[in-house]
Amino acid sequence: MRLGNTTTGYGSVAIIFHWLTALAIIGLFALGLWMVELTYYDSWYNKAPAIHKSVGLLLFVLVLLRLIWRLGNPHPEPIGESLEKRLAGSMHWLLYLFTFAVLISGYLISTAKGKPIEVFDWFAVPATVHNLPEQEDIAGLLHLWLAWGLIVLSSGHTLAALKHHFIDRDATLRRMLRFTHDK
Ligand code: HEM
Ligand code: HEM
């Protein structure tokens with residue numbers, strides 16, 4: 001199984017990073033919208049945000065590792081016309097940018113009062129920037145809109161992947177799904 005990328009295909013590490021990140025983002029989005037509607041008497045009232053924050057911080061580490069891997073590896077060129085290729089390249093960076101912005105705003109909500117974030121009773125991440133004026137509310141609003149932005153962009157990205165697969169019938173989606181066995 002090939003671990004690293006080549007200029008024409010993704011290696012297994014990039015493929016695993018991609019699908020773990022996608023799954024975590026979609027899951028956190030749904031969990032986030034659901035958990036803010038819970039009432040104090042619901043048994044998930046404390047548990048759901050604790051899971052949301054813990055998974056979010058693990059995702060932070062995952063996306064950092066993914067970015068380091070991407071920068072240290074060849075990157076397969078997008079397939080298609082030159083405009084399409086440029087759009088795909090910009091979209092990928094925009095997805096990274098929005099992911100980090102959502103993660104950072106989430107961290108700023110949770111640490112607004114100076115409290116550290118417990119990651120599954122496993123380790124704690126300290127508050128660094130806290131007690132800014134209205135930090136919790138402003139970061140909360142940003143978090144919500146950035147999360148929606150990320151989901152809208154990801155949906156466009158998904159539609160583009162499906163267009164490549166079903167209309168253009170090229171290898172774009174296949175090479176993000178299949179592990180290659182050369183080398
Ligand atoms: C890509 C990752 C993430 C996504 C997609 C996401 C998504 C969401 C969504 C949709 C909400 C509901 C917002 C609302 O209706 O007001 C939410 C709430 C929240 N998220 Fe995230 N989140 C992510 C990561 C994080 C991280 C890393 C943290 C903290 C470490 C975090 C902390 C929170 C908190 C504290 C709330 C509750 C905010 C409130 O009560 O208004 N999130 N998240
Ligand atoms: C929240 C969801 C998602 C995010 C944040 C995301 C993000 C990304 C990023 C950043 C890349 C660039 C490759 C890299 O840097 O390693 C990429 C590539 C790709 N993604 Fe996604 N993705 C998501 C969901 C999906 C879904 C649901 C599909 C398919 C239905 C998909 C299909 C692809 C394909 C085929 C590529 C390779 C494109 C190419 O080779 O030009 N992604 N994705």
For this session: Using a strict cut-off of less than 4.0 Å between a Lys/Arg side-chain nitrogen and an Asp/Glu carboxylate oxygen, indicate whether E84 and K163 qualify as a salt bridge.
Result: yes
Exercise. Counting heavy atoms not belonging to R178, are there more than 12 under 6.0 Å from its CZ?
Worked result: no
Problem set entry | Other residues, nucleotides, ligands: >12 heavy atoms within 6.0 Å of W122 CH2 | no
For this session: Only counting residues at least two apart or in another chain, list the ones meeting ring pair (Phe, Tyr, Trp, His ring centres under 6.0 Å) with F29.
Result: W148
For this session: Might you work through the side-chain contact (heavy atoms from CB on, under 4.5 Å) test for F100 and L64, ending with a clear yes or no?
Result: CA-CA 9 Å; F100 276 114; L64 271 181; 4.0 Å; yes
[X] side chain to [Y] backbone, donor-acceptor under 3.5 Å:
X: S12; Y: R2; answer: yes
X: T172; Y: A161; answer: no
X: W19; Y: L177; answer: no
X: E136; Y: S110; answer: no
X: T111; Y: G114; answer: no
X: Q135; Y: V129; answer: yes
X: Y107; Y: T128; answer: yes

For [X] and [Y], which heavy atoms make the closest approach, and how far apart are they?
X: L146; Y: F98; answer: O-CD2, 3.7 Å
X: S105; Y: A139; answer: O-CB, 3.7 Å
X: S155; Y: I151; answer: OG-O, 2.7 Å
X: P126; Y: P116; answer: CA-CB, 4.0 Å
X: T8; Y: R175; answer: O-NH1, 3.1 Å

Are [Y] and [X] connected into the same hydrophobic cluster when the rule is that any two of I, L, V, M, F, W, Y join if their side-chain heavy atoms are below 4.5 Å apart?
X: L159; Y: L150; value: no
X: I25; Y: W93; value: yes
X: I26; Y: V102; value: no
X: I167; Y: L162; value: no
X: M176; Y: L23; value: no

For this session: State, yes or no, whether a side-chain contact exists between F166 and L173 at a heavy-atom distance under 4.5 Å.
Result: no
Exercise. Are H157 and H92 side-chain neighbours, meaning at least one heavy-atom pair lies under 4.5 Å?
Worked result: yes
Seminar exercise, completed: Taken to the nearest 0.5 Å, the spacing of F60 CZ from L103 CG works out to 5.5 Å
Seminar exercise, completed: So CG of L87 and OG of S82: to nearest 0.5 Å the spacing works out to 9.5 Å
Name each donor-acceptor pair under 3.5 Å that joins a side chain in residues 41-53 to protein atoms two or more places apart or in another chain, with its distance.
from: D42; atom 1: OD1; to: W44; atom 2: N; distance (Å): 3.0
from: H52; atom 1: ND1; to: L28; atom 2: O; distance (Å): 3.4

May I have the list of side-chain donor-acceptor pairs in residues 65-77 shorter than 3.5 Å, sequence neighbours left out?
from: R66; atom 1: NE; to: Y96; atom 2: OH; distance (Å): 3.1
from: R66; atom 1: NH1; to: T21; atom 2: OG1; distance (Å): 3.4
from: R70; atom 1: NH1; to: H75; atom 2: NE2; distance (Å): 3.4
from: R70; atom 1: NH2; to: H75; atom 2: ND1; distance (Å): 3.4
from: N73; atom 1: OD1; to: N5; atom 2: N; distance (Å): 2.8
from: N73; atom 1: ND2; to: W69; atom 2: O; distance (Å): 3.3
from: E77; atom 1: OE1; to: K85; atom 2: NZ; distance (Å): 3.3

Exercise. Where do H143 and I109 land on the side-chain contact (heavy atoms from CB on, under 4.5 Å) test, with the steps shown first?
Worked result: CA-CA 8 Å; H143 191 64; I109 313 172; 3.6 Å; yes
For this session: Take L33 and L144 through the side-chain contact (heavy atoms from CB on, under 4.5 Å) test and state the conclusion after the steps.
Result: CA-CA 9 Å; L33 290 182; L144 173 65; 4.3 Å; yes
For this session: Check each of V63, L62, L153, L94 against T99 using the side chain to side chain contact (heavy atoms under 4.5 Å, CB included) test, and report the only one that passes.
Result: V63
For this session: Verify side-chain contact (heavy atoms from CB on, under 4.5 Å) between L141 and D137, making sure each step is shown before the conclusion.
Result: CA-CA 6 Å; L141 207 58; D137 292 346; over 6 Å; no
